[in-house]
Amino acid sequence: LTQFFTTIPTSLSTVTSPTTSTLLDESFFSDKIDFIERAILALLSSQALAESPSAAFLTAFLNAALIFVYEDLREVPRWNNVSLCLSQRIRSGLELVELGGVMGWCPDLLLWMLMLGRSGANPLEVGARGRGWFDGEIQMVEDIFGVEVPVALKYIEGLRYFEIAEETVAKLRSEGKMDEEGDVTDEGG
């Protein structure tokens with residue numbers, strides 16, 4: 001999302017000359033956030049998503065993306081009612097998915113979704129119905145890949161969620177613990 005966000009052209013640039021522009025002219029931050037939010041909401045309500053065989057996973061991803069937009073880009077206070085509901089929807093979507101298969105295809109994306117789901121979860125619900133579920137799934141990812149997600153990442157790391165998740169998977173690949181297809185290599189023989 002961050003990469004996508006930075007590639008959206010500014011629509012109302014008031015460049016002062018062909019070679020210079022002001023910082024405000026280059027950003028239009030709010031317009032880009034609005035664009036991303038509308039795109040996510042349009043995808044969530046699209047017929048194509050409803051007919052997709054991966055609808056549960058994609059819906060969980062889009063709900064995680066909304067938490068990212070609200071909590072990190074719009075700086076809405078954490079644990080607001082929207083984030084609490086989105087976190088529950090992420091969990092519901094991921095419970096319908098075979099997470100072992102997802103870890104083979106996109107472990108960094110799964111980790112990102114789990115961390116955002118945990119970020120939006122009610123801090124008072126530490127059991128199986130709340131944060132505890134996300135903690136358990138993050139622990140499963142740690143166990144399968146033989147890594148430890150930094151404590152700060154499990155809790156709140158802001159815009160670096162996906163970057164750090166990607167770094168974790170890249171580190172595993174460079175250490176030979178994971179092949180290019182995302183499968184964990186068997187080092188025990």
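Residue numbers count from 1 along this sequence. Please read all numbers here as calculations on a predicted model, not as lab measurements.
With values rounded to the nearest 0.5 angstrom, Arg131 atom CZ is found 14.0 Å from Arg91 atom CZ. Remark: Asn63 CG to Gln88 CD distance equals 11.0 Å, nearest 0.5 Å. Once rounded to the nearest 0.5 Å, the distance linking CG of Leu110 with CE of Met140 reads 6.5 Å. Atoms CZ and CE, from Phe134 and Met113 in turn, are 9.0 Å apart once rounded to the nearest 0.5 Å. Note that CZ of Arg118 is 4.0 Å distant from CG of Asp135, once rounded to the nearest 0.5 Å. Taken to the nearest 0.5 Å, the CD atom of Glu95 stands 8.0 Å off from the CD atom of Glu137.
A donor atom on one side chain and an acceptor atom on the other are found under 3.5 Å apart for Asp143 and Gln139.
At a threshold of 4.5 Å between side-chain heavy atoms, the hydrophobic network of Ile, Leu, Val, Met, Phe, Trp and Tyr places Leu94 and Leu96 in two separate groups. Cluster annotation: Val69 is connected to Leu41 through the hydrophobic network of ILVMFWY side chains, with a link wherever side-chain heavy atoms come within less than 4.5 Å. Grouping the Ile, Leu, Val, Met, Phe, Trp and Tyr side chains by contacts below 4.5 angstrom, directly or via other members, places Leu86 with Val76.
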Please test Ile33 against Tyr70 for side chain to side chain contact (heavy atoms under 4.5 Å, CB included), starting from the C-alpha separation and ending with a verdict. CA-CA 9 Å; Ile33 295 172; Tyr70 295 138; over 6 Å; no

Walk me through it: do Val141 and Leu99 pass the test side chain to side chain contact (heavy atoms under 4.5 Å, CB included)? CA-CA 9 Å; Val141 173; Leu99 295 183; over 6 Å; no

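Closest non-hydrogen pair, Ser87 versus Gly117, comes out as OG-O, 2.6 Å. When every heavy atom of Leu84 is checked against every heavy atom of Ala121, the shortest pair comes out as CD2-C, 3.7 Å. Looking at every heavy atom in both residues, Ala65 comes nearest to Ile40 through CB-CD1, 3.6 Å. In plain terms, the two heavy atoms of Ile90 and Ala60 that are nearest each other are CG1-O, 3.6 Å. When every heavy atom of Glu71 is checked against every heavy atom of Ser119, the shortest pair comes out as OE1-OG, 2.8 Å.
Residues forming a side-chain hydrogen bond (donor to acceptor under 3.5 Å, both in side chains) with Glu51 (at least two apart in sequence, or on another chain): Gln47. Every residue two or more places apart in sequence or in another chain was checked for a side-chain hydrogen bond (donor to acceptor under 3.5 Å, both in side chains) with Glu75, and none qualifies.
A donor-acceptor contact shorter than 3.5 Å is absent between the side chain of Ser83 and the backbone of Trp79. Without hydrogens or angle criteria, Ser46 side chain to Leu43 main chain gives a donor-acceptor distance under 3.5 Å. Side-chain atoms of Ser54 never come within 3.5 Å of backbone atoms of Phe57 as a donor-acceptor pair (strictly under, hydrogens ignored).
In this structure the side chain of Arg74 reaches within 4.5 angstrom of the side chain of Asp34, judged on heavy atoms. Val82 places none of its side-chain heavy atoms less than 4.5 Å from the side chain of Leu66. The side-chain heavy atoms of Leu109 and Pro107, taken from C-beta on, include no pair separated by under 4.5 Å.
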